[in-house]
Amino acid sequence: MRICNVVGARPNFMKIAPIVHEMKKRKMPHFVVHTGQHYDRQMSQVFFEELGLPCPDIFLGVGPGSHAEQTARIMMSFEKVCLEHKINLVVVGGDVNSTAACALVAAKLGIPLAHVEAGLRSFDKSMPEEINRIITDHLSHWLFTTESSANDNLRGEGIADEHIYFVGNCMIDSLLRHLDIALKSAPWRQFGFEPGSYAVLTLHRPANVDDVEVLRHVIRIINQVSETIPILFPVHPRTRERLIRGRLDLAPTVKISEPLPYLPFLGLMARARLVLTDSGGIQEETTALQIPCLTLRPHTERPVTITDGTNRLVGTDSEQIRKGVSEIFNGSWVQGEQPPLWDGKASPRIVDILERWI
Ligand code: UD1
């Protein structure tokens, strides 16, 4: 039995790391393939170090490109790996291009496929991630879900119950495992902040950053919010490039930094007064940390963060954002609860299921 765990882009690392640890603990024969979709040290290697992951056994080094180029390069390289190493189980996570590309390869070679974080749907096919989710789910044998809406979505698409496993959230396994150590280093000090005195912003969705006029509008709102509370903004490479190209200026109360490693970012989120984001994973992490989250998108594929957690969709509507910030300051924002099974034990549940099959 040779199990291959695939990672490729930043949000994969914290989802797959606890599964790799669990397989190692149980001495299951497994290895890690990194596609190289993300390749900057700050977007990739640093996460391996912090999450205690071994160096990838195989690095495909595909790098950037259009969606078709990137997906095709990953498929061509990953097919060779599967054949050479006689892989008989592939585990992919999340919804990035690496996830869908490796899922396609596994399915076409007849290798059983497990999808971690299955069933999430934004119902917006203009998001590349939505396409990746649908493809990967419909090719998978095991669909490991994080919330009940995902189970409903999958059933609604005709996927049989026997393939759907509601196991909880592996990213929250990583969060709970690393929170104490993340707080110990007091990462806010490095930026001159006190706990609770700052906001954190992340922004990288094509819908928010690719069109310069949309980005200009978003930056105007961010600059306004920063008059109420200073904002720390670790800038994704995609966004940095767009900010420079559009010659967009941030207010001095918006402190920018390089993309941050996992531990400092986790510590900063955990002591922020609020978080503004268009990320998927951060909506979940803020719910687990009970930090108010204003999501700069019109929809979410993670509705449990709204029904149970601390998240609210505000799009890029300045009035909604102003109202949200004032509710946070006057204490009327919901406190939220932990969604079911976000208890730090999703990865042992997943590995139990795979082990039984093996
Ligand atoms: C990808 C995922 C997205 C995820 C995000 C997290 C897809 C379709 N999108 O988007 O779901 O939320 O990762 O970051 O898979 N770049 C660098 N250095 C890097 C990585 C990227 O400079 O280490 C540059 C690339 O050259 C490219 C841009 O950033 O121009 C975007 O990278 P890409 O991997 O295409 O998509 P993301 O926007 O990062």
Side-chain angles (χ1 to χ4, degrees), residues 6-16 34-49 56 59-75 78 92-104 115-118 120-122 124-137 171 174 200-211 214-215 218 233-246 257-262 265 269 275-286 293 295-297 299-302 305:
V6 175
V7 293
R10 184 169 61 175
N12 291 151
F13 306 126
M14 42 294 227
K15 288 169 198 165
I16 297 296
H34 186 338
T35 66
Q37 177 177 343
H38 283 176
Y39 45 88
D40 285 354
R41 188 182 145 70
Q42 290 295 89
M43 297 291 286
S44 171
Q45 194 188 332
V46 85
F47 291 86
F48 273 74
E49 293 161 10
F59 184 69
L60 306 179
V62 298
S66 72
H67 284 266
E69 285 165 346
Q70 198 173 54
T71 307
R73 277 207 297 270
I74 298 169
M75 287 183 69
F78 188 61
V92 295
D95 54 16
V96 301
N97 286 345
S98 302
T99 309
C102 294
L104 271 165
H115 185 202
V116 176
E117 199 190 84
L120 299 179
R121 295 288 182 271
S122 65
D124 174 3
K125 285 198 188 131
S126 73
M127 286 180 81
E129 294 81 4
E130 183 75 352
I131 297 168
N132 294 337
R133 291 180 199 119
I134 295 170
I135 291 174
T136 307
D137 285 341
M171 199 178 54
S174 278
V200 171
L201 164 71
T202 78
L203 201 61
H204 75 280
R205 287 274 155 227
N208 281 338
V209 306
D210 280 4
D211 180 314
V214 174
L215 184 58
V218 174
F233 180 19
V235 188
H236 186 284
R238 174 187 206 101
T239 312
R240 183 182 53 214
E241 203 252 320
R242 303 320 197 253
L243 287 171
I244 295 169
R245 213 196 298 163
S257 78
E258 291 295 301
L260 290 172
Y262 182 64
F265 188 74
M269 264 194 305
V275 171
L276 298 136
T277 191
D278 60 7
S279 150
I282 291 173
Q283 297 171 52
E284 297 184 340
E285 289 169 330
T286 46
C293 179
T295 294
L296 308 172
R297 288 176 44 191
H299 44 55
T300 180
E301 58 289 330
R302 294 159 160 92
T305 60

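Atoms within each ligand, like the ligands themselves, are counted from 1 in listed order.
- With a 4.0 Å cut-off on non-hydrogen atoms, His236 touches ligand 1 through its side chain and not its backbone.
- Close approach to Pro64 involves these atoms of ligand 1, each under 4.0 Å from a residue heavy atom: 25 (C), 26 (O).
- The ligand atoms of ligand 1 that sit less than 4.0 angstrom from a heavy atom of His204 are 4 (C), 5 (C), 6 (C), 12 (O).
- Counting heavy atoms closer than 4.0 Å to ligand 1, residue Glu129 contributes side-chain atoms (C-beta onward) but none from N, CA, C or O.
- There is a protein heavy atom closer than 4.0 angstrom to atom 16 (N) of ligand 1.
- Protein heavy atom nearest atom 8 (C) of ligand 1, with residue, atom name and distance: Asn97 OD1, 3.2 Å.
- Within the structure, ligand 1 has His67 among the residues with a heavy atom less than 4.0 angstrom away.
- Of the N and O atoms on the side chains of Thr277 and Gln283, not one donor lies less than 3.5 Å from an acceptor on the other residue.
- Between the side chains of Thr99 and Thr136, no donor-acceptor pair of N or O atoms lies under 3.5 Å.
- Note on ring orientation: taking the six-membered ring where Trp is involved, the planes of His236 and His204 are parallel (angle under 30°, cut-offs 30° and 60°).
- Counting heavy atoms closer than 4.0 Å to ligand 1, residue Met43 contributes side-chain atoms (C-beta onward) but none from N, CA, C or O.
- Under the 3.5 Å distance criterion, with hydrogens and angles disregarded, a donor-acceptor pair is assigned to the side chains of Ser122 and Glu130.
- Here the heavy atom of the protein found nearest to atom 13 (O) of ligand 1 is His38 CE1, 3.1 Å.
- In this model, a donor atom of one side chain and an acceptor atom of the other lie less than 3.5 Å apart for Asn208 and Asp278.
- Among Arg10, Gln37, Arg238, the residue whose heavy atom lies nearest to atom 29 (O) of ligand 1 is Arg238.
- Ligand 1 does not have Ser44 within reach: every non-hydrogen atom of the residue lies 4.0 Å or more from it.
- Taking any N or O of Asn132, backbone or side chain, none lies under 3.5 Å from an N or O belonging to ligand 1.
- For atom 2 (C) of ligand 1, the closest heavy atom belonging to the protein is Val96 CG1, 3.7 Å.
- In terms of the side chain to side chain donor-acceptor pair (under 3.5 Å) criterion, residue partners of Asp124 (sequence neighbours excluded) are, by chain and number, Ser126, His299.
- Scanning the protein heavy atoms around atom 6 (C) of ligand 1, the nearest turns out to be Pro11 CD, 3.6 Å.
- For the atom pair CG of Asn12 and NE2 of His34, the computed distance is 8.5 Å after rounding to the nearest 0.5 Å.
- The single protein non-hydrogen atom nearest to atom 26 (O) of ligand 1 is Tyr39 OH, 2.7 Å, given as residue, atom name and distance.
- Remark: minimum distance from atom 18 (N) of ligand 1 to any protein heavy atom is reached at Asp40 OD2, 3.0 Å.
- Scanning for ring pair (Phe, Tyr, Trp, His ring centres under 6.0 Å) contacts around Phe78 gives an empty result, with sequence neighbours left out.
- No donor-acceptor distance shorter than 3.5 angstrom exists from the side chain of Thr71 to the backbone of Ala101, with no hydrogens or angles considered.
- Between the side chain of Arg73 and the main chain of Val62, a donor-acceptor pair closer than 3.5 Å is present.
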